[in-house]
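Input: a single structure, listed below in structure tokens.
Computed from a prediction, not measured in an experiment: that's the story for all the values here.
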Amino acid sequence: MPELPEVETVRRGLLRLVQNRQIKAVELLWPKTIEGDVATILKTMVNRTIEDIDRRGKFLLFRLSGDYTLVSHLRMEGKYNTVPAGTPPEKHVCVVFHLDQATDLWYLDTRKFGRMQFVPTGMENQLVPGIKKMGPEPTESDLTTDYLAEIMAKSRKIIKPFLLDQSNLAGLGNIYVDEVLWQSKIHPEQPVNTVTLAEITVLRTNIISEIKRAIEHHGTTVHSYTNAFGEAGAFQNELQAYGRKGEPCLRCGTLMEKMKVAQRGTTYCPQCQQIHA
DNA sequence: CTGGGCTCCTGTACGC
DNA sequence: TGCGTACAGGAGCCCA
């Protein structure tokens with residue numbers, strides 16, 4: 001499941017493969033993947049060049065010539081891959097971009113949750129709801145302690161769903177939330193407005209460093225998710241909480257437990273992570 | 001504002 | 001072996 005580090009890894013890999021490539025034609029094999037007036041969108045993409053690829057949270061932003069942007073969210077299992085032109089699409093290919101230099105770019109998506117939108121460049125901030133209301137990137141400069149303390153004081157949610165909500169801050173998904181909560185010794189069901197300033201400070205530091213470290217490891221490869229660029233993520237070897245149910249906590253040795261929090265599988269240490277008043 | 005449930009999808013794991 | 005079922009989950013939606 002791509003979270004910010006995985007999407008960033010895809011962005012970097014894709015940039016090397018398709019920057020300055022021209023789109024000659026686009027085939028949509030799974031109609032729901034592209035939202036909007038599909039016929040017009042497919043036509044409008046033709047003859048544009050992929051000038052750059054940006055990222056906002058978990059969204060990829062393909063910057064096309066003529067000031068258009070293809071916004072792509074991978075959701076659970078979306079992937080990109082390049083193949084020689086004319087290669088018969090594999091089972092889960094949803095979109096084929098026929099590029100110049102005899103290259104096809106595939107968008108594959110096993111569960112078909114991923115979505116794309118096509119907007120004038122800059123308008124993604126207005127026209128893509130998920131981007132419009134997205135919180136700050138989890139970086140030293142964007143995610144300030146003041147901001148975090150302020151929105152946390154006002155929230156009446158519990159911490160795990162709060163951190164998963166992209167409108168609070170961008171980029172975290174189920175895996176990294178479990179990781180940073182374990183690192184910060186915060187129970188996943190701790191009410192947000194009861195987290196102390198000291199805990200918020202630690203949490204913020206852990207979020208920023210965890211995301212940075214995961215990017216350096218090219219993200220996490222779990223289950224069926226692998227990126228297509230010959231640099232399968234290695235961060236799964238670094239995980240300290242996620243997937244460690246029944247194994248000893250790396251800090252105190254207590255067996256890690258798993259429970260449901262807001263419908264999400266959640267692994268935590270019942271000793272280190274306790275709810276406080 | 002909040003939580004809960006449902007939807008989209010398919011592959012995998014598990015019980016019998 | 002095979003079949004039914006539970007589960008995995010990002011994000012948007014509706015409802016209470």
Provide, to the nearest angstrom, the distance between the [atom1] atom belonging to [X] and the [atom2] atom belonging to [N].
X	N	atom1	atom2	result
A:Phe162	C:dG10	CZ	P	17 Å
A:Lys260	C:dG9	NZ	P	6 Å
A:Lys79	B:dG11	NZ	P	11 Å
A:Leu108	B:dG11	CG	C1'	15 Å
A:Lys133	B:dC1	NZ	P	11 Å
A:Lys258	B:dA13	NZ	P	14 Å
A:Leu60	C:dG10	CG	C1'	15 Å
A:Leu4	C:dG10	CG	P	13 Å

Return yes if a side-chain donor-acceptor contact under 3.5 Å exists between A:Thr144 and A:Asp146, otherwise no.
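No, because no side-chain N or O of A:Thr144 sits under 3.5 Å from a partner of the opposite role on A:Asp146.
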With rounding to the nearest 0.5 Å, note down the distance linking OG1 in A:Thr110 to NZ in A:Lys79.
4.5 Å
Side chain to side chain contact (heavy atoms under 4.5 Å, CB included) between A:Arg115 and A:Lys32, intermediate numbers included:
CA-CA 7 Å; A:Arg115 292 292 179 265; A:Lys32 292 170 91 167; 4.1 Å; yes
Assign A:Gly173 to base, sugar-phosphate, or nothing according to its heavy-atom contacts below 4.0 angstrom with the strands shown.
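A:Gly173: no heavy atom of the nucleic acid under 4.0 Å.
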Side-chain ion pair, A:Glu216 and A:Arg213, N-O less than 4.0 Å:
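The answer is no: the pair does not qualify as a salt bridge.
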Please determine if A:Asp178 and A:Lys160 form a salt bridge, counting it only when a charged side-chain N lies under 4.0 Å from a carboxylate O.
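Salt bridge flag = yes for A:Lys160 with A:Asp178.
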Taking all heavy atoms of A:Leu17 and all of A:Arg21, pick out the closest pair and write down the distance.
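Scanning both residues completely, I find the closest heavy atoms to be O-CG, 4.0 Å.
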A:Phe59 and A:His73 aromatic ring geometry - parallel, tilted or perpendicular at 30°/60° bounds:
perpendicular
Compute the bend angle of the helix from B:dT2-C:dA16 to B:dC16-C:dG2 from the end axes (five pairs per end), rounded to 10°.
60°
Steps toward side chain to side chain contact (heavy atoms under 4.5 Å, CB included) verdict (A:Glu137, A:Arg56)
CA-CA 8 Å; A:Glu137 294 286 316; A:Arg56 176 76 173 98; 2.7 Å; yes
Does A:Lys58 place a side-chain N or O at less than 4.0 Å from the phosphate oxygens OP1/OP2 of C:dA11?
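Yes, because at least one side-chain N or O of A:Lys58 sits under 4.0 Å from OP1 or OP2 of C:dA11.
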So if I define the base as every atom that isn't primed, P, OP1 or OP2, how would nucleotides 2-10 of chain B read as a B/S/- string at a heavy-atom cutoff under 4.0 Å?
SSSB--BBB
A:Glu140/A:Arg204 under salt bridge (charged side-chain N to carboxylate O under 4.0 Å, His left out): CA gap, chis, key distance, verdict
CA-CA 9 Å; A:Glu140 194 65 43; A:Arg204 169 182 175 272; 3.0 Å; yes
